Amino acid sequence: MSTLPKVEITKIHTYTGHKDAVYTIEPGGEDHLFYSSGGDGHVIEWDLHNYENGRLIAKVDSSVYALCYVPEHDILIVGQNYEGIHLIRLSDRSEAGSLQLGKLAIYDIQYTQGLVLVACAEGEFFIIDMKSLKVLKRSVMSEKNLREILVIDDRCFVGASDGQIIRVDLKSFEIENQTMVHEKSVFGLAHHVKDQVLLTASRDARLKYWDVSQQENELESINAHMYAINDVVFRPDYQYFATASMDKTIKIWDYEQRRLIKVIDKARHGGHLTSVNKLIWSGFKQFLISCSDDRSISVWDINIAK
């Protein structure tokens, strides 16, 4: 087995502008920009070029679990729980449109090829035309909540709280496959583009590798954290990935070796005090960005030397 690389962790900055748990972060149109929201309903733009206060983009009356940036329109889609989606034009922070989706919690939003995909509570899944905001398809895909969406080419993979991954054809809008992959909720999905490998992260604290072309083909199963894994993201070069957990830690992994190489925690690195909810591995200096129930967003320099 190969020698593990040396990893040095430096906390670059911690943003503390939110007044409640930060549930989600989303990359912006440029590598140095990203957006956050959470329990306080504030949607904030942050700039990694400086560490001043963020720019308030919008304020909604209920919590936000999901944001989605649409590059060709420079619009941020905000999932307001129980009220639907709002489209915010970032140039002037005006509302470009909104759509009521029923009194449902909204757990994830993704955009692809003119379509807005929305995963909601009670297994409800929406495919919406971005231009007209018309619902093209509404379906109930599970008896439990839909938690995560990953788009791969003309398909999307949806992680559900019953442990399933549901594969949807985005041309026909039909379900192609449903596979039970975890014992509990699937919270995180990531795709290694070159190897066509799917990573899944779950409330059961396990991390799994899957063959994308054969969804039932499990390649590896790792007992990765003490408690639920909330997110999994690749570094932009796909050599390494990170997981975020309810156990308050962030873990850095070697993809090829499928091995843990570093744990970021409070005691050793000034990590988060409570559950780590979402990650971005940014193209800006390859900084890793994390958000937490402790109301903070941290920026990390992950220096990996082989």
Side-chain angles (χ1 to χ4, degrees), residues 4-40 42-57 64 67-69 71 76 90 188 190 199 201 224-225 229-255 260-306:
L4 290 175
K6 293 181 179 180
V7 185
E8 292 183 2
I9 306 295
T10 304
K11 183 195 276 190
I12 301 298
H13 186 70
T14 295
Y15 295 107
T16 56
H18 283 282
K19 299 178 181 179
D20 205 334
V22 187
Y23 295 132
T24 188
I25 46 179
E26 172 75 359
E30 299 177 64
D31 283 346
H32 62 95
L33 298 177
F34 70 96
Y35 302 90
S36 65
S37 194
D40 60 6
H42 291 187
V43 180
I44 301 176
E45 178 185 82
W46 307 97
D47 189 339
L48 291 169
H49 279 311
N50 62 69
Y51 302 117
E52 302 301 320
N53 292 333
R55 181 172 75 121
L56 183 66
I57 299 299
V64 175
L67 298 171
C68 177
Y69 177 70
L76 189 68
L90 292 171
L199 300 184
H225 281 268
I229 308 173
N230 293 323
D231 200 14
V232 54
V233 295
F234 276 105
R235 197 170 79 168
D237 63 6
Y238 292 96
Q239 292 184 61
Y240 306 98
F241 64 90
T243 52
S245 174
M246 192 180 289
D247 67 13
K248 310 175 190 177
T249 69
I250 300 165
K251 293 187 176 182
I252 310 299
W253 303 81
D254 185 296
Y255 166 75
L260 176 66
I261 57 175
K262 200 70 174 180
V263 179
I264 303 174
D265 59 15
K266 178 63 178 175
R268 285 168 285 191
H269 307 101
H272 290 288
L273 297 169
T274 52
S275 177
V276 187
N277 296 323
K278 211 76 175 175
L279 300 169
I280 297 170
W281 210 323
S282 173
F284 182 82
K285 300 183 180 180
Q286 295 198 337
F287 285 163
L288 182 68
I289 307 166
S290 59
C291 68
S292 169
D293 278 357
D294 66 12
R295 307 182 182 186
S296 75
I297 300 165
S298 290
V299 181
W300 307 94
D301 182 17
I302 315 293
N303 188 351
I304 304 174
K306 288 193 172 182

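All values derive from a computational prediction rather than experimental measurement.
Minimum heavy-atom separation, Ser37 to Val64: OG-CB, 3.3 Å. The shortest non-hydrogen separation linking His225 to Ile229 is CD2-CG1, 3.7 Å. In terms of heavy atoms, Pro5 sits closest to Ile304 at CB-CG2, 3.7 Å. Looking at every heavy atom in both residues, Trp46 comes nearest to Gly54 through CZ3-N, 3.2 Å. Looking at every heavy atom in both residues, Leu260 comes nearest to Trp253 through N-CE3, 3.3 Å. The two residues His269 and Ile264 make their nearest non-hydrogen contact at ND1-CA, 3.5 Å.
Rounded to the nearest 0.5 Å, atoms NE2 (His13) and OG (Ser298) are 9.0 Å apart. Ile289 contributes atom CD1, which lies 12.5 Å from atom CH2 of Trp300 (distance to the nearest 0.5 angstrom). Here the straight-line distance linking atom CG of Leu288 with atom CD1 of Ile302 works out to 5.0 Å at 0.5 Å rounding. Of the inter-residue distances, the one linking Ile250 atom CD1 with Ser292 atom OG reads 8.5 Å to the nearest 0.5 angstrom. In this structure, Leu33 CG and His49 NE2 are separated by 7.5 Å, a value rounded to the nearest 0.5 Å. Atoms CG and OG1, on Leu67 and Thr24 in that order, are 5.0 Å from each other to the nearest 0.5 Å.
Partners of Arg235 according to the salt bridge (Lys or Arg N to Asp or Glu O under 4.0 Å) rule, which considers only residues two or more places apart in sequence or in another chain, are Asp237. Residues that satisfy the salt bridge (Lys or Arg N to Asp or Glu O under 4.0 Å) test with Glu45, not counting sequence neighbours, are Arg55.
Distance alone, capped at 3.5 Å, is enough to place a donor-acceptor pair between the Lys11 side chain and the Gly270 backbone. Proximity of a side-chain donor or acceptor of Lys248 to a complementary backbone N or O of Lys266 within less than 3.5 Å is not detected. The backbone N or O of Gln286 lies less than 3.5 Å from a partner atom in the side chain of Trp281, making a donor-acceptor pair. A donor-acceptor pair is defined here as one N or O able to donate and one able to accept, closer than 3.5 Å; no such pair exists between the side chain of Thr249 and the backbone of Asp265. Although no hydrogens or angles enter the test, the distance criterion places a donor-acceptor pair under 3.5 Å between the side chain of Asp294 and the main chain of Leu273. One N or O on the side chain of Asp231 and one on the backbone of Leu279 form a donor-acceptor pair closer than 3.5 Å. Side-chain N or O atoms of Ser282 include one that pairs as donor or acceptor with a backbone N or O of Asp31 at under 3.5 Å. Within the 3.5 Å criterion, the main-chain N or O of Asn303 finds no donor-acceptor partner in the side chain of Glu8. A distance-only check finds a donor-acceptor pair linking the side chain of Asn277 to the backbone of Val22 [under 3.5 Å].
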* May I have the step-by-step check of side chain to side chain contact (heavy atoms under 4.5 Å, CB included) for Lys251 and Ser245, ending in yes or no? => CA-CA 8 Å; Lys251 293 187 176 182; Ser245 174; over 6 Å; no
* **Candidate pair Phe284 and Glu30, rule side chain to side chain contact (heavy atoms under 4.5 Å, CB included), full reasoning** => CA-CA 9 Å; Phe284 182 82; Glu30 299 177 64; over 6 Å; no
* Residues Asp301, Lys285; criterion side chain to side chain contact (heavy atoms under 4.5 Å, CB included); working and verdict -> CA-CA 8 Å; Asp301 182 17; Lys285 300 183 180 180; over 6 Å; no
* Yes or no on side chain to side chain contact (heavy atoms under 4.5 Å, CB included) for Ile57 and Leu90, after CA distance, side-chain angles and deciding distance? -> CA-CA 7 Å; Ile57 299 299; Leu90 292 171; 3.8 Å; yes
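In this structure the side chain of Tyr23 reaches within 4.5 angstrom of the side chain of Asp293, judged on heavy atoms. Using a 4.5 Å cut-off on side-chain heavy atoms (C-beta onward), Ile297 and Phe34 make contact.
The aromatic rings of Tyr51 and Tyr15 sit tilted, their planes meeting at an angle between 30° and 60°.
Open room surrounds CG on Asn53; 12 or fewer heavy atoms of other groups in view lie less than 6.0 Å from it. At most 12 heavy atoms of other shown residues, nucleotides or ligands fall within 6.0 angstrom of atom NZ in Lys19.
Side-chain atoms of Thr16 and Ser296 form no donor-acceptor pair, as typed in the model, at a separation below 3.5 Å.
Ring-centre distance between Phe234 and Tyr255: below the 6.0 Å cut-off.
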